[in-house]
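Below is one structure, written out as structure tokens, with a few remarks after it.
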Amino acid sequence: MSTPPDEPGAGVDLTLDCTGQRCPRPIIAIARAIGSVPVGGRVELLADDPATAPDLAAWCRMRGQELVSSAAPRFVVRRLG
Amino acid sequence: MRARAYLSRVAEVRTPVFLDCSSGEPLLPEAREAWVLAASSGWGDPQRLHRSGRLAAQALDSARERVAAHVGARPDEVVLTGPLAPAAQAAVAGLTLGRRRVGDVVVTSSVEHSAVLGAAAAYGRHVAVGVDRLGRLDLAAWAEAVGRPGVALACLQVANHEVGTLQPYVAAADACRAAGVPLVLDVTTALGRIDTADLGGWSVLLGWAGAYGGPASVGFMVVRRGTRWRAPFPADDHQHGRWPGVVDVPAVWSAVAALDVVSTTREAVAARQRDLVDHLRREVGARVPDVDLAGDPVDRAPHLLTFSALYVDGETLTLELDRAGFAVASGSACSASSEHPSHVLAAMGALTHGNVRLGLTRTTTEAEVDRFLDVLPGVVAEIRGRLGAA
């Protein structure tokens, strides 16, 4: 049985649950984990710190990754390199 | 003995290199002297007809003339106020009152000072216009927003208080004028730092003495003649009902003494600060890996630099820099009173964690800047190591 597309965990290679963690910890978590998915793969980040939305977008820009969706508390990043 | 111990502790506290000028320059010695002189001169209530009252009234007239000259206004347009927050509230509330038949929309940029954003949200329906990656206003969106029906007023800063980026205030004022909308121009970060004698077609101008080395209790609201501004408080005898309550004459005298000093020395100080910030910007980018430099590198207020280091929290960074002898500000969440990161950095798409906001004082030296640059990379690396991000 497949997961519906809007549910957490749908269509992603890895889920990081950083709920309750303050920035920069969620960003550090995705930086450490992004290399473990193949290029083109998706990482889902669950984080409720208010700085996650701007900081994940800035991290993707600085690190050349793609922010696929940003809807707190659920974010999806695609590994480009 | 106890007093001496306290004084030596105060002396210790003052030793760090103070690079936190973004929210206010320390009181200038000339401003302190002017305050002491005015406070000791026996000036009385400027409302009174006796000699000491008349002397106080003359001092206030002189102060209004000097403020007016600095911002290209008429002396009778100058209202002596308190800090930025109450002045911004009076400007916005007074214009929404005067323009209530037109509408109640208040247009601002998304990177205004929180005092201005707070006033806009409190007294009208707030519409925030976005900025680009450098923090500069989207002029096309601004013109469209102020051109819609129902706009009571618009507010824009001359220079951003966190990242220094200069706004296109003349073009923004032209768009307001074309739409028949009064513009409140917040000159706080620019006053005494760029030439403010001709700032375009504003209707109300806001300034604050604490930003340039005057007393923190004094500000200005300059209301152009013909502006439909109505006092949003009960009228009294002071300042023709445009600002309530007695005026603190020695503080105002001190504020204009500081304004005279910074204006006289503006070009030399700004040129030196500009060089130091250029140097800092280059070297921070070169010496600290994964750093996000914010704001316009060229078209900016001379004394500000903001940057963010990836994988570092702003609170620890601020405290570690303080331990190393440097007082800096930060726009990161938890590093100030707010749980939310700086709205300015977020609106620009800049990194908000690991943020450092430097504001150089008039007396900041190259040696102090170089010491900061020597210390910063090690502090950042140590915190990254502690967080497991090295």
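What you see is a predicted model, and the numbers here were worked out from it, not measured in a lab. Proteins come first, then strands; the chains are lettered A, B, ... in the order of their sequence lines, and each starts at number 1.
Of residues 290-308 of chain B, those residues with a non-hydrogen atom less than 4.5 Å from any non-hydrogen atom of chain A are, in numerical order, D290(B), V291(B), D292(B). Using a 4.5 Å cut-off between non-hydrogen atoms, no part of residues 33-41 of chain A approaches chain B.
In this structure, chain A has a heavy atom under 4.5 Å from the side chain of L310(B), while its backbone stays farther away.
A57(A) pairs by the side-chain contact (heavy atoms from CB on, under 4.5 Å) definition with L67(A), not counting sequence neighbours.
The heavy-atom pair separating L387(B) from R25(A) by the smallest distance is CD2-NH2, 3.1 Å. Residues Y311(B) and A31(A) approach most closely at OH-CB, 3.3 Å, considering heavy atoms. Of all heavy-atom pairs spanning A350(B) and D55(A), the tightest one is O-OD1, 4.5 Å. Of all heavy-atom pairs spanning H340(B) and P50(A), the tightest one is ND1-CB, 3.4 Å.
In R32(A), the CZ atom is not crowded: 12 or fewer heavy atoms of neighbouring residues, nucleotides or ligands sit closer than 6.0 Å. Open room surrounds CZ on R323(B); 12 or fewer heavy atoms of other groups in view lie less than 6.0 Å from it.
Residues in residues 107-130 of chain B take part in these salt bridge (charged side-chain N to carboxylate O under 4.0 Å, His left out) pairs, two or more places apart or across chains: D104(B)-R125(B).
Rounded to the nearest 0.5 Å, atoms NE2 (H353(B)) and CG (D49(A)) are 10.5 Å apart.
Put simply, the side chain of T352(B) does not reach to within 4.5 Å of the side chain of C23(A), judged on heavy atoms.
Not a single donor-acceptor pair under 3.5 Å links the side chain of R22(A) to the backbone N or O of D313(B).
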